[in-house]
Peer 1: 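Below is the structure I would like to discuss, written out as structure tokens.
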2 protein chains.
Amino acid sequence: MTSPGKKRNSEILKNANLRQTHPRLAVLDALMEADIPITRQQIAEHLSDSAPDKVTIYRVLECLIKKGIVHKAFMKERTAFFEMAHNCSKTQCHPHFTCTSCRKTVCIKNAKMPLAEINEQGFAIKHQKVELEGLCPECNS
Amino acid sequence: MTSPGKKRNSEILKNANLRQTHPRLAVLDALMEADIPITRQQIAEHLSDSAPDKVTIYRVLECLIKKGIVHKAFMKERTAFFEMAHNCSKTQCHPHFTCTSCRKTVCIKNAKMPLAEINEQGFAIKHQKVELEGLCPECNS
DNA sequence: TTTCACTTGCAACTCAGTTGCAAAAAGCGT
DNA sequence: ACGCTTTTTGCAACTGAGTTGCAAGTGAAA
Ligand SMILES: [Zn+2]
Ligand SMILES: [Zn+2]
Ligand SMILES: [Zn+2]
Ligand SMILES: [Zn+2]
């Protein structure tokens with residue numbers, strides 16, 4: 001509840017010109033503590049009793065994404081996973097690796113990928129997303 | 001209806017040890033003619049009157065994906081887009097570029113991307129997927 | 001404290017994709 | 001060509017993430 005990052009979350013909202021509301025601080029808190037991409041449901045579970053309504057969580061996430069504070073990292077089993085965008089460069093966040101055996105997904109924060117180049121004229125790449133699949137260390141033995 | 005690739009599709013099924021059925025040939029035909037990633041619904045629309053049931057299309061796609069004949073290229077608006085895998089290398093198919101303005105997606109077939117390298121030990125990358133976002137030539141002016 | 005635009009909660013909805021099961025049909029040996 | 005076995009298909013009912021409309025609540029500026 002009284003996590004050390006509470007004040008920082010308040011700053012984040014202030015810098016983004018967003019009103020200080022309980023749902024926004026709560027969602028930021030959940031994403032900060034998780035430190036890996038999580039679903040709307042996991043956000044609600046993290047906040048348990050004080051969790052905002054499902055719809056509110058989606059709307060808060062939408063708003064934070066628009067401000068560049070949060071990213072929709074990837075989809076898995078038709079469900080979106082969100083994470084703080086603070087480890088991401090402007091054009092590219094880190095790749096995510098999903099194990100085809102145990103279905104766990106991890107962030108690969110140290111992998112550097114060059115931005116793709118498109119031969120045809122006129123394309124302006126604003127963002128690149130890389131997803132990896134394979135066997136994780138535990139399943140690869 | 002009598003597309004020139006009918007015989008080739010039959011060959012594809014034979015090589016994969018799959019039974020020759022109308023739904024399988026029809027789905028292959030739709031994907032072949034489209035030549036870009038399309039949804040289950042677009043497959044059905046392409047086949048109009050002779051379209052197999054929704055469930056059958058999903059099951060055919062699942063089966064073709066398992067054999068490496070088709071790829072799930074990407075998700076957009078919670079909907080999967082499928083395409084023939086014949087332009088893909090084993091570990092990576094071409095990137096897809098989605099315009100943030102007009103929401104159209106195109107295949108970037110000539111972009112070469114190196115495979116990501118993971119510093120931690122034990123990961124076996126089997127497949128890499130790259131998604132690009134930005135402005136397409138038409139919206140970029 | 002008043003005001004007002006922005007935000008939240010609820011209920012009802014949408015719609016891609018899934019599940020269970022009985023009927024159809026592909027392929028094989030005769 | 002005929003029946004037999006296994007696989008595949010179609011239908012109806014279901015699932016569950018995400019969305020919409022609207023009335024009630026709240027942040028913050030004046
Ligand atoms: Zn694993
Ligand atoms: Zn991550
Ligand atoms: Zn465009
Ligand atoms: Zn493509």
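Reminder, nothing fancy here: chain letters follow the sequence lines and each chain counts from 1. Note that these values count all heavy atoms, side chains included, but never hydrogens, waters or copies made by symmetry.
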Peer 1: Does anything in residues 75-85 of chain B pair up under side chain to side chain donor-acceptor pair (under 3.5 Å), and if so which pairs, sequence neighbours excluded?
Peer 2: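 Of all non-adjacent pairs touching residues 75-85 of chain B, those that pass side chain to side chain donor-acceptor pair (under 3.5 Å) are B:K76-B:T105, B:E77-B:R103, B:E83-B:H94, B:E83-B:H96.
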Peer 1: Using the side-chain heavy atoms of A:R24, tell me which of these nucleotides is nearest: C:dT7, D:dA28, D:dT8.
Peer 2: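 From the listed options, C:dT7 comes nearest.
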Peer 1: Nearest whole angstrom, please: distance from the P of C:dC15 to the NZ of B:K76.
Peer 2: 17 Å
Peer 1: Does A:E77 or B:C63 map to a spot on DNA chain D nearer the 5' end, using the closest nucleotide for each?
Peer 2: B:C63
Peer 1: Quick one: does B:R59 reach the base of D:dG10 with a side-chain donor-acceptor pair under 3.5 Å?
Peer 2: yes
Peer 1: Return the value, rounded to whole Å, for the distance between atom OH of B:Y58 and atom P of C:dC15.
Peer 2: 13 Å
Peer 1: Given atom CE of B:M75 and atom P of D:dA17, what is their separation to the nearest angstrom?
Peer 2: 13 Å
Peer 1: Has the side chain of B:R19 got a donor or acceptor that lies under 3.5 Å from a partner of the other kind on the base of D:dT6?
Peer 2: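 Side chain to base: pair present.
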Peer 1: For B:D53 and C:dT18, what is the distance between atoms CG and C1' respectively, to the nearest whole Å?
Peer 2: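 That distance rounds to 12 Å.
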Peer 1: Does any donor-acceptor pair link the side chain of B:K54 with the base of C:dG17 at a separation under 3.5 Å?
Peer 2: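 Answer yes: a donor N or O sits under 3.5 Å from an acceptor.
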Peer 1: For B:T91 and B:Q128, which I'm curious about, is there any donor-acceptor pair between the side chains at under 3.5 Å?
Peer 2: no
Peer 1: Taking only N and O in the side chain of B:T21, is any of them less than 4.0 Å away from OP1 or OP2 of D:dT9?
Peer 2: yes
Peer 1: Please report, rounded to the nearest Å, how far the P atom of C:dT7 is from the CG atom of A:N17.
Peer 2: 11 Å
Peer 1: I need the NZ-P distance between B:K14 and C:dA26, as an integer number of Å.
Peer 2: 15 Å
Peer 1: Looking only at non-hydrogen atoms, find the nearest pair between A:F74 and A:E131 and report the distance.
Peer 2: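 That would be CB-OE2, 4.1 Å.
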Peer 1: Do the non-hydrogen side-chain atoms of B:H46 and B:L31 ever get within less than 4.5 Å of each other?
Peer 2: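 No, every pair of side-chain atoms sits at 4.5 Å or beyond.
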Peer 1: Base, sugar-phosphate, or nothing: which does B:T79 touch, judged by heavy atoms less than 4.0 Å apart?
Peer 2: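 It contacts sugar-phosphate atoms only.
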Peer 1: How long is the line joining CG of A:L25 and P of C:dT8, in whole Å?
Peer 2: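 Value for this atom pair: 10 Å.
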Peer 1: Specify the residue among A:R78 and A:V60 whose closest nucleotide of DNA chain C lies further upstream toward the 5′ end.
Peer 2: A:V60
Peer 1: Measure the shortest side-chain to side-chain distance between A:I65 and A:H71 over non-hydrogen atoms and say whether it is less than 4.5 angstrom.
Peer 2: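 A:I65 vs A:H71: side chains apart.
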Peer 1: Between D:dT20, C:dT18, C:dG17, which one does the side chain of A:V55 approach most closely?
Peer 2: D:dT20
Peer 1: Closest-nucleotide mapping onto DNA chain D: is B:L18 or A:F81 further toward the 5' terminus? I mean the 5' end.
Peer 2: B:L18
Peer 1: Would you mind reading off the distance between B:E45 atom CD and C:dA16 atom P, rounded to a whole angstrom?
Peer 2: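 Computing the B:E45:CD to C:dA16:P distance gives 11 Å.
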